[in-house]
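Just follow the structure's listing: the first ligand is 1, and inside any ligand the first atom is 1. Note that the coordinates shown come from a computational prediction; the quantities given were computed from them, not determined experimentally.
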Amino acid sequence: MARKGPSYACTVCGNVTARWAGRCEQCGNWNTIEELPPEAPVAAGKRSTTPKAGAGALLVPLAGETEDAPRIETGIAELDRVAGGGLVRGSALLVGGEPGIGKSTLVLQAAARLALNGHKVVYVSGEEAVAQVRLRADRLGVLDAPLDLAPETHVETVLSGLGRQGAPDLIIVDSIQTLWTDAIESPPGTVGQVRAAAQTMIRYAKQTGAAVVLVGHVTKDGQIAGPKLVEHMVDGVLYFEGDPSHQFRILRAVKNRFGPTDEIGVFEMTGGGLSEVANPSLLFLGDRDAATPGSAVFAGMEGSRPLLVEIQALVAPSSLASPRRAVLGWDANRLSMVLAVLDAHCGLKLSSHDVFLNIAGGLRIQEPAADLAVAAALISSLARTPLAADRVFFGEISLSGSVRAVSQTPARLKEAQKLGFSSATLPDSSVDDASRKLGLTLSGVQTLPDLTAKISAPDQISGDDGARFQAQALVSAERGVP
Ligand code: TYD
Ligand code: MG
């Protein structure tokens with residue numbers, strides 16, 4: 001017998017519980033749990049546990065014809081690639097991000113581009129009045145795009161309006177938190193409304209073959225229900241992220257039923273909207289000060305695309321009982337691991353040092369391949385000696401101190417070469433004929449102590465005090481002197 005009584009959901013992470021609590025046990029946020037609206041009661045006569053004859057689901061064999069998902073390319077290459085080659089007809093895509101990051105700008109640019117290419121596009125603006133959308137379109141230089149606006153928040157009204165005009169190719173809902181449906185009594189922005197409105201729009205997409213893009217604000221305090229609540233319902237989830245103080249914006253796929261999830265799209269916010277960044281490495285290395293200790297260039301991969309980024313480390317003696325460990329753009333646990341390995345296998349005692357690590361440009365990287373570059377940056381900062389300016393690093397470090405091979409070595413090396421780097425420090429097992437052919441000077445390392453020994457060689461650091469490098473690092477660590 002199903003349990004009666006209300007159930008509750010967290011507005012930030014969507015976790016459903018049977019009891020109300022002050023703090024969500026899944027995401028740890030306070031005051032974010034709210035009661036879910038009751039589900040529509042099932043009429044007494046209809047309740048049945050045994051299926052009626054003839055009412056069973058239609059079973060079909062797995063083997064059969066397959067076809068590629070029908071796509072609409074927006075013409076914004078960075079967006080298309082992250083979505084897996086364009087928006088898929090009959091599917092729903094969620095574009096999440098913090099308020100002010102540029103979601104509306106991105107979707108309006110894509111919508112205008114498609115409308116100009118002859119597609120029928122409807123922009124449902126629940127957040128902004130028509131005048132505001134027009135102002136933005138003017139700023140983006142797309143005021144003449146034949147785009148239909150619907151300043152409306154009531155789902156049924158939107159859909160009946162669309163019904164009269166025929167289904168569009170693309171519907172944009174900005175934002176899902178402003179929509180409300182008659183089916184539920186709670187106000188817009190609550191868990192029940194956001195879910196129900198999203199469900200209705202998704203059903204509409206499946207029925208009509210229109211592509212639906214739902215914009216969702218990421219909320220931190222749980223005042224309104226966040227996009228996490230609808231992640232499981234939609235076909236694709238893209239998050240638009242970036243540091244508001246930087247111009248770069250990164251579009252990252254976290255779920256995609258029709259494509260890869262490790263792709264990123266890089267944009268730059270300009271006075272006239274978002275512009276695509278075709279060569280992000282150039283952008284992320286643009287302001288690099290290669291002569292500073294603690295800076296190492298990581299040859300990374302984001303999905304199918306190589307990306308060079310600068311890793312900055314600052315290691316300084318601490319006066320605190322438990323020294324600070326601050327990380328921006330990388331996993332704090334991985335930093336702890338690299339520090340532990342440096343301590344255990346290389347004799348670099350950092351327990352009395354503050355350690356700060358930053359990925360330049362506001363980028364967030366997830367690859368374990370960054371371990372080696374992080375270690376190099378830490379050692380360089382500790383020894384107060386800059387690394388060679390023309391060298392890139394990549395490789396995964398294991399707890400035993402060995403350096404493990406990572407995927408796509410040739411792509412990483414090619415990107416480094418393209419941007420003018422002439423040498424690379426990489427896992428020894430990745431040094432083969434194919435990678436040697438690329439013309440970079442390769443320095444393979446098997447273990448982390450190997451790295452400390454190697455980067456003290458004169459060709460790997462800038463300046464003439466190469467031989468003292470490792471010793472200096474060890475001495476600074478022991479004495480607590482930078
Ligand atoms: P917006 O797309 O409104 O963000 P969101 O929908 O995610 O809340 O963009 C907000 C910011 O972008 C705003 O601070 C202004 C800035 N912006 C530009 O710098 N250039 C532009 O051309 C536009 C349209 C916005
Ligand atoms: Mg907006």
Chemist: Any non-hydrogen side-chain atom of I311 less than 4.5 Å from a side-chain atom of F393?
Modeler: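 In short, these two side chains do not touch, never coming nearer than 4.5 Å.
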Chemist: S295: which residues meet the side-chain hydrogen bond (donor to acceptor under 3.5 Å, both in side chains) condition with it, sequence neighbours left out?
Modeler: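 With sequence neighbours excluded, S295 shows a side-chain hydrogen bond (donor to acceptor under 3.5 Å, both in side chains) to E310, given in chain and number order.
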Chemist: Just let me know how T270 lines up against ligand 1, side chain, backbone, both or neither, with a heavy-atom cut-off below 4.0 Å.
Modeler: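 The answer is the backbone.
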Chemist: Which residue supplies the protein heavy atom nearest to atom 3 (O) of ligand 1, what is that atom called, and how far is it?
Modeler: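 That would be R136 NH2, 2.7 Å.
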Chemist: For a side-chain hydrogen bond (donor to acceptor under 3.5 Å, both in side chains) with H217, tell me which candidate from K103, E98, Q177 qualifies.
Modeler: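 The residue from K103, E98, Q177 that satisfies side-chain hydrogen bond (donor to acceptor under 3.5 Å, both in side chains) with H217 turns out to be K103.
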Chemist: Looking at side-chain heavy atoms only, is the closest gap between L147 and L108 below 4.5 Å?
Modeler: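 Answer yes - side chains close enough.
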Chemist: So is G97 close enough to ligand 1, meaning a heavy atom under 4.0 angstrom away?
Modeler: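 So G97 does not count as touching ligand 1.
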Chemist: In the structure I gave you, are the side-chain heavy atoms of F298 and E367 within less than 4.5 Å of one another anywhere?
Modeler: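 The answer is yes, as the side chains (C-beta and beyond) meet within the 4.5 Å cut-off.
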Chemist: Would you confirm whether E78, through its side chain, and V266, through its main-chain N or O, come within 3.5 Å as a donor-acceptor pair?
Modeler: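 At least one qualifying donor-acceptor pair exists.
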Chemist: Would you say ligand 1 has an N or O under 3.5 Å from any N or O of G273?
Modeler: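 The answer is yes, given that G273 and ligand 1 share an N or O pair closer than 3.5 Å.
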Chemist: Please indicate whether any nitrogen or oxygen in G271 is less than 3.5 Å from any nitrogen or oxygen in ligand 1.
Modeler: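 Yes: some nitrogen or oxygen of G271 is under 3.5 Å from one in ligand 1.
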Chemist: When you measure from the side chain of D169 to the backbone N and O of K120, does any donor-acceptor pair fall under 3.5 Å?
Modeler: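 Flag set: sc D169 to bb K120 pair under 3.5 Å.
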Chemist: Is the closest heavy atom of V215 to ligand 1 under 4.0 Å?
Modeler: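 In this structure, V215 fails to qualify as a contact of ligand 1 - no heavy atom is under 4.0 Å.
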Chemist: Before you tell me yes or no, could you show the steps for E34 and T11 under side chain to side chain donor-acceptor pair (under 3.5 Å), namely the whole-Å CA-CA distance, both residues' side-chain angles and the distance that decides it to 0.1 Å?
Modeler: CA-CA 7 Å; E34 70 178 40; T11 52; 5.4 Å; no
Chemist: Under 4.0 Å from ligand 1, counting heavy atoms only, is it the side chain of K103, its backbone, both or neither?
Modeler: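 Both backbone and side chain.
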Chemist: Should the pair K418-E415 be classified as a salt bridge under the 4.0 Å nitrogen-to-oxygen rule?
Modeler: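 E415 and K418: salt-bridged.
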Chemist: Is the shortest N/O to N/O distance between P99 and ligand 1 below 3.5 Å?
Modeler: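 N/O-N/O distance below 3.5 Å does not exist for this pair.
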Chemist: Answer yes or no: is there an ion pair linking E241 with R364, defined by an N-O contact shorter than 4.0 Å?
Modeler: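 Result for this pair is yes, salt bridge flagged.
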Chemist: Counting only nitrogen or oxygen atoms and a 3.5 angstrom limit, does H217 reach ligand 1?
Modeler: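 No - when backbone and side-chain N and O of H217 are compared with those of ligand 1, no distance drops under 3.5 Å.
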Chemist: Is it true that atom CD of E25 has more than 12 heavy atoms of other residues, nucleotides or ligands lying nearer than 6.0 Å?
Modeler: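 It does not: E25 CD has 12 such atoms or fewer within range.
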Chemist: How far is atom 11 (C) of ligand 1 from the closest protein heavy atom, and which atom is that?
Modeler: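 The protein heavy atom lying closest is G100 O, 3.5 Å.
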Chemist: Given the rule in the side chain to side chain donor-acceptor pair (under 3.5 Å) test, do R391 and T425 qualify, once you have shown the distances and angles that lead to the verdict?
Modeler: CA-CA 7 Å; R391 180 169 288 269; T425 301; 2.7 Å; yes
Chemist: The test is side chain to side chain donor-acceptor pair (under 3.5 Å); show your working for T74 and D80 and say whether it passes.
Modeler: CA-CA 6 Å; T74 63; D80 286 341; 2.8 Å; yes
Chemist: State whether the shortest distance between N or O atoms of E128 and N or O atoms of ligand 1 falls below 3.5 angstrom.
Modeler: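 Min N/O separation from ligand 1 is not below 3.5 Å for E128.
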Chemist: Starting from atom 4 (O) of ligand 1, which protein heavy atom do you reach first, and at what distance in Å?
Modeler: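 Nearest protein contact, heavy atoms only, for atom 4 (O) of ligand 1 is G102 N, 3.1 Å.
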Chemist: Please tell me if atom 13 (C) of ligand 1 is touched by the protein, where touching means a protein heavy-atom distance below 4.0 Å.
Modeler: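 For atom 13 (C) of ligand 1 the answer is no, since every protein heavy atom stays at 4.0 Å or beyond.
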Chemist: State the atoms of ligand 1, each with its element, that fall below the 4.0 Å cut-off from a heavy-atom position in S104.
Modeler: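 Near S104, meaning under 4.0 Å from one of its heavy atoms, ligand 1 has 2 (O), 5 (P), 6 (O).
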Chemist: List-wise, which protein N, O or S atoms are found short of 2.8 Å from the Mg ion (ligand 2)?
Modeler: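 Short answer, with waters excluded from the count: S104 OG.
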Chemist: Can you report which non-hydrogen protein atom sits closest to atom 15 (C) of ligand 1, along with the distance?
Modeler: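 Checked against all protein heavy atoms, atom 15 (C) of ligand 1 sits closest to R139 NH1, 4.3 Å.
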Chemist: For ligand 1, which atoms sit closer than 4.0 Å to a heavy atom of G272?
Modeler: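 The list of qualifying atoms is 22 (O).
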Chemist: Is there a salt bridge (charged side-chain N to carboxylate O under 4.0 Å, His left out) between K228 and E231? Walk through the geometry before answering.
Modeler: CA-CA 5 Å; K228 268 216 162 343; E231 276 187 1; 3.6 Å; yes
Chemist: List the closest protein heavy-atom neighbour of atom 2 (O) of ligand 1: residue, atom name, distance to the nearest 0.1 Å.
Modeler: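 Nearest protein contact, heavy atoms only, for atom 2 (O) of ligand 1 is T105 OG1, 2.5 Å.
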Chemist: Which residue and non-hydrogen atom of the protein lie closest to atom 19 (O) of ligand 1, and at what distance in Å?
Modeler: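 Going atom by atom, the protein heavy atom closest to atom 19 (O) of ligand 1 ends up being M269 CG, 3.4 Å.
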Chemist: Regarding E156 and T181, is there a side-chain donor-to-acceptor distance under 3.5 Å anywhere?
Modeler: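 T181 and E156 do have a side-chain donor-acceptor pair below 3.5 Å.
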